[in-house]
Amino acid sequence: MTTTLSLLTPSGRLTLGNLLGALRPMSRRQEDAYYGLSDLHAMTTTHDPDLLRSRTFEMATLLLAVGLDRATLFRQSRVPAHAELAYLLECTAYTGELNRMVQFKEKGRGVAATRVSLYTYPVLMAADILLYRPAVVPVGDDQRQHVELTRDLAVRFNRAYGEVFTVPEITTPSAGARVMDLADPTRKMSKSADAAGSIFLLDPPDVVRRKVSRAVTDSETGPSAVRPDRESKPGVTNLLEILAACGGSATGITTYGALKKAVTEAVVAELEPVQKRYGDLAADPAYVTEVYAAGAARCREVTAPVLAAAQSAIGLG
Ligand code: TYM
């Protein structure tokens, strides 16, 4: 059996990037799959407890709405083994490797009030993964560095103390692994970014249309203007990639106006069923709570022997 695991952080509202880079590939692998909300990771920068609560619930509902109803769904904070293993992995990781993590370099290195958890974040993520001994971790491209660190820690721990962890493979989708911001196509579309460049999964069709119509392209005209070129045409390339990932085709499209129209239609068609199911599920919050409580109970069961094996190997057992 191929165990699969992935988590998403409730630090904002889910975007089209999360859908195409992670949620859709995840929905194709639901047998023996553990999919979670990394709520502990949502506190690595200034946060508001009420907002964290409401975003966590919205995200929990959305995971079901995109069709992840056959996997085991859970909240990281409800499975204490994650934090416990993270400490053992902090005793395995080196500051040299954490200093190189892009997220820490971009968001906090050198700033006195940076939370320690932003620094140790990749180690908790490694614990999230290794506790379940997954063969595959489906994620978007931006998580590659973290999964590579996880592999290094697994190998180091196994060599030093005995074979406890499986070394996981990362898998990223062929289209949609790195969806860029529509207003600034040189940076990735993000949950916490300003709303103009991010399409949120709960954006109604007219909002999607407006955001796509304002997407940054370039000033090229002529019959070959609609073509991918990440370096010199990042906006157009991003739209083409979104279109392909949503199952659309750019064949015969020669103007940016037509491209934007096709992208809008493809994205709206992708989001419509998700929004409908979200509406139904939001009317029954007790059901959502129940699914995640049952999922966490199962996660506590499957992770207990792995944590125990790690504790015993490292000298605590
Ligand atoms: P997060 O919450 O930032 O993103 C969730 C998933 O969505 C993918 N993603 C994207 N894919 C394509 N284009 C984008 N613009 C885009 N933005 C985000 C991410 O790659 C990710 O797969 N640290 C992780 C959560 C995490 C995790 C884990 C993931 C915690 N523990 C263990 C896998 C395994 C994060 O913050 O992802």
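This chain uses plain numbering: 1 for the first residue, then up along the sequence. Just follow the structure's listing: the first ligand is 1, and inside any ligand the first atom is 1. On a predicted model such as this, the values are computed, not experimentally measured, just so you know.
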Sequence neighbours excluded and cut-off under 3.5 Å, please list the side-chain donor-acceptor pairs for residues 78-93, or say none.
| residue | atom | partner | partner atom | Å |
| --- | --- | --- | --- | --- |
| His82 | ND1 | Asp128 | OD1 | 2.7 |
| His82 | NE2 | Tyr132 | OH | 2.9 |
| Thr92 | OG1 | Leu88 | O | 3.0 |

Any N or O on [X] sitting closer than 3.5 Å to an N or O of ligand 1?
X: Met180; result: no
X: Asp141; result: no
X: Thr9; result: yes

- Task: Determine whether the side chain, the backbone, both or neither of Ala177 has a heavy atom under 4.0 Å from any heavy atom of ligand 1.
- Result: backbone
- With backbone taken as N, CA, C and O and side chain as the heavy atoms from C-beta onward, which portion of Lys191 lies under 4.0 Å from ligand 1: side chain, backbone, both, or neither? side chain
- Query: So which of Arg210, Lys211, Gln275 actually passes side-chain hydrogen bond (donor to acceptor under 3.5 Å, both in side chains) with Asp203?
  - Reply: Lys211
- Query: How would you list, by chain and number, every residue that makes a ring-ring contact (aromatic ring centres under 6.0 Å, His included) with Tyr119, sequence neighbours excluded?
  - Reply: Phe104
Shortest protein heavy-atom distance from [atom], along with the residue and atom involved:
atom: atom 4 (O) of ligand 1; result: Asn18 ND2, 3.4 Å
atom: atom 23 (N) of ligand 1; result: Tyr121 OH, 2.5 Å
atom: atom 6 (C) of ligand 1; result: Ala22 CB, 3.5 Å

- Item | ILVMFWY cluster, Leu8 and Met125 together (side-chain gap under 4.5 Å) | no
- Note on the structure: The option among Thr150, Asp128, Leu23, Leu19 carrying the non-hydrogen atom nearest to atom 31 (N) of ligand 1 is Asp128
- Which ligand 1 atoms, with their elements, are less than 4.0 angstrom from a heavy-atom of Gly21? 11 (N), 12 (C)
- Before accepting this row, confirm whether a basic side-chain N of the pair Asp50/Arg53 lies closer than 4.0 Å to the acidic partner's carboxylate O. yes
